[in-house]
Amino acid sequence: MIPFNKPFISGKEIQYIKEAIESGLIGGNGPFTKRCHDFFEKRYGFKKVLLTTSGTDALEMCAMLCNIKPGDEVIVPSYTFVTSALAFVREGARIVFADSSTNTPNMEAEQIEPLITDRTKAIVVVHYAGVACDMDPIMSLAAKHDLMVVEDAAQCIDSYYKGRPLGSIGHLGAFSFHETKNITAGEGGLLAVNDESLIRRAEFLWEKGTNRAESFRGIVNKYSWVDTGSSFLPSELNAAFLLAQLESLDEVQRGRKAIWNKYHEGLSGRTCTLRMPYVPEYATNNAHMFYLVCPSSDCRNRFTDFMSDKGIKVIFHYFPLHSSKYFKAKHDGRVLRMCDFYGDTVVRLPLYYGMSDEDVVTVMEAVRNFCVDG
Ligand SMILES: *Cc1c(COP(=O)(O)O)cnc(C)c1O
């Protein structure tokens with residue numbers, strides 16, 4: 001069976017973890033955490049980043065930093081992972097789900113604007129497959145209505161919108177290093193704080209509601225409880241693992257993009273009714289995922305069975321959140337047509353660093369055969 005995903009391992013993880021152990025510093029916010037922070041601040045020019053134990057944790061910090069109060073409304077795409085919405089639900093937000101656009105599962109200003117009310121506090125944008133939403137119109141809309149913008153950039157490492165790194169455009173950005181992402185720490189995440197007025201508070205929330213990070217830098221001599229928060233920071237063991245991965249980012253990206261491009265070139269014009277992913281001119285492709293859009297859920301089922309018979313694991317993606325078991329009764333009843341469509345029709349092909357040329361060819365041949373026979 002050709003698997004759908006295999007996490008990348010650089011080979012330096014054990015060495016760095018050993019160094020952390022030998023240094024005696026294995027709690028959070030130590031030297032390896034600092035080196036990961038420096039990596040993001042230097043390479044992408046983020047003003048302030050904080051490693052977290054997951055992308056979900058980074059999103060929970062975003063919800064706290066947006067100062068969400070019970071009853072506040074937050075606009076979130078329905079075609080996304082659970083925690084893009086759940087992080088805000090935990091703070092008492094009422095989620096107003098937005099539809100996707102026709103060209104990509106991303107939402108656009110056009111889908112967001114009619115949903116804004118006096119109670120709207122924030123917009124969560126999700127850059128699906130690491131391909132940017134059209135951020136300029138969304139940021140203007142947010143400025144006009146005085147709304148916070150959170151980028152769920154979980155899939156977006158090393159991807160750009162008009163030359164600007166994803167995660168650096170909204171007030172806040174959240175990345176994930178889950179084992180399914182391009183770079184992984186097993187579980188892990190990163191918060192990017194782009195609005196400078198939120199930096200100080202972000203550090204309090206990160207360190208369990210204390211000013212420990214300031215005491216660490218000698219700004220205050222004894223740390224104490226100053227705010228709400230939680231234990232959002234990962235141990236140095238996770239940070240050491242992550243640093244080993246980050247140092248290989250260029251190699252990982254080269255490898256993944258080569259596979260993505262082979263799929264794209266090899267399948268262009270050969271996928272019959274299966275639609276290829278679309279990358280708008282303002283966006284880059286970070287090869288997080290290669291998906292196809294089937295014309296119907298029936299066709300997708302047939303495609304999945306066909307590929308499975310050929311020993312290839314392909315998988316569906318999101319089940320629309322507005323019709324989930326948890327949320328269905330809370331949804332306001334609007335039909336989210338494109339979201340439902342993607343929920344029924346998106347299927348993802350195997351794509352991971354180190355996937356052999358032979359396997360890529362096998363997958364492409366199977367897709368072409370489906371189009372002829374299926
Ligand atoms: C992976 C992912 C998350 C969650 O990240 P975790 O690190 O698994 O908590 C959130 N949103 C999106 C869009 C994701 O792809």
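Note that the coordinates shown come from a computational prediction; the quantities given were computed from them, not determined experimentally. All ligand and atom numbering here is 1-based and tracks the order in the structure.
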Q: Please write down residue, atom name and distance for the protein heavy atom closest to atom 5 (O) of ligand 1.
A: Ser176 OG, 3.3 Å

**Q.** contact_flag Ala174 ligand 1 heavy-atom lt 4.0 Å
**A.** no

Q) Which residues satisfy the side-chain contact (heavy atoms from CB on, under 4.5 Å) test with Asp136, sequence neighbours excluded? A) Tyr161, Lys162, Arg164

Q.
Tell me the contacting part of Asp152 for ligand 1: side chain, backbone, both, or neither, using a 4.0 Å heavy-atom threshold, strictly below.
A. side chain

**Q.** Top protein contact for atom 9 (O) of ligand 1, by heavy-atom distance
**A.** Thr56 OG1, 2.6 Å

Q. Which of the atoms in ligand 1, numbered in the order shown and given with their element, are less than 4.0 Å from a heavy-atom of Gly55?
A. 5 (O), 6 (P), 7 (O), 9 (O)

Q: Please report which non-hydrogen protein atom sits nearest to atom 14 (C) of ligand 1, along with the residue it belongs to and the distance in Å to one decimal place.
A: Ala154 CB, 3.3 Å

Show which side-chain atoms of residues 77-88 pair as donor or acceptor with protein atoms under 3.5 Å away, not counting sequence neighbours.
from: Ser78; atom 1: OG; to: Leu321; atom 2: N; distance (Å): 3.1
from: Ser78; atom 1: OG; to: His322; atom 2: N; distance (Å): 3.0
from: Ser78; atom 1: OG; to: His322; atom 2: ND1; distance (Å): 2.7
from: Thr80; atom 1: OG1; to: Ser84; atom 2: OG; distance (Å): 2.7
from: Thr83; atom 1: OG1; to: Thr56; atom 2: OG1; distance (Å): 3.0
from: Ser84; atom 1: OG; to: Phe81; atom 2: O; distance (Å): 3.1
from: Ser84; atom 1: OG; to: Asp152; atom 2: OD2; distance (Å): 2.8

Q. If you measure only the distance, is there a donor-acceptor pair under 3.5 Å linking the side chains of Thr33 and Glu236?
A. yes

Q: For Tyr318 and ligand 1, answer yes if some heavy atom of the residue is under 4.0 Å from a ligand atom, otherwise no.
A: yes

**Q.** Nearest protein heavy atom with distance in Å, relative to atom 1 (C) of ligand 1
**A.** Lys181 NZ, 1.7 Å

(Q) Among all protein heavy atoms in this structure, tell me which lies nearest to atom 15 (O) of ligand 1, with the distance rounded to 0.1 Å. (A) Gln155 NE2, 2.9 Å

Q.
Whether Arg43 and Asp250 form a salt bridge (side-chain N of Lys/Arg under 4.0 Å from carboxylate O of Asp/Glu) is what I want to check.
A. yes

(Q) Please list, in number order, the atoms of ligand 1 under 4.0 Å from a heavy atom of Ser54. (A) 7 (O), 9 (O)

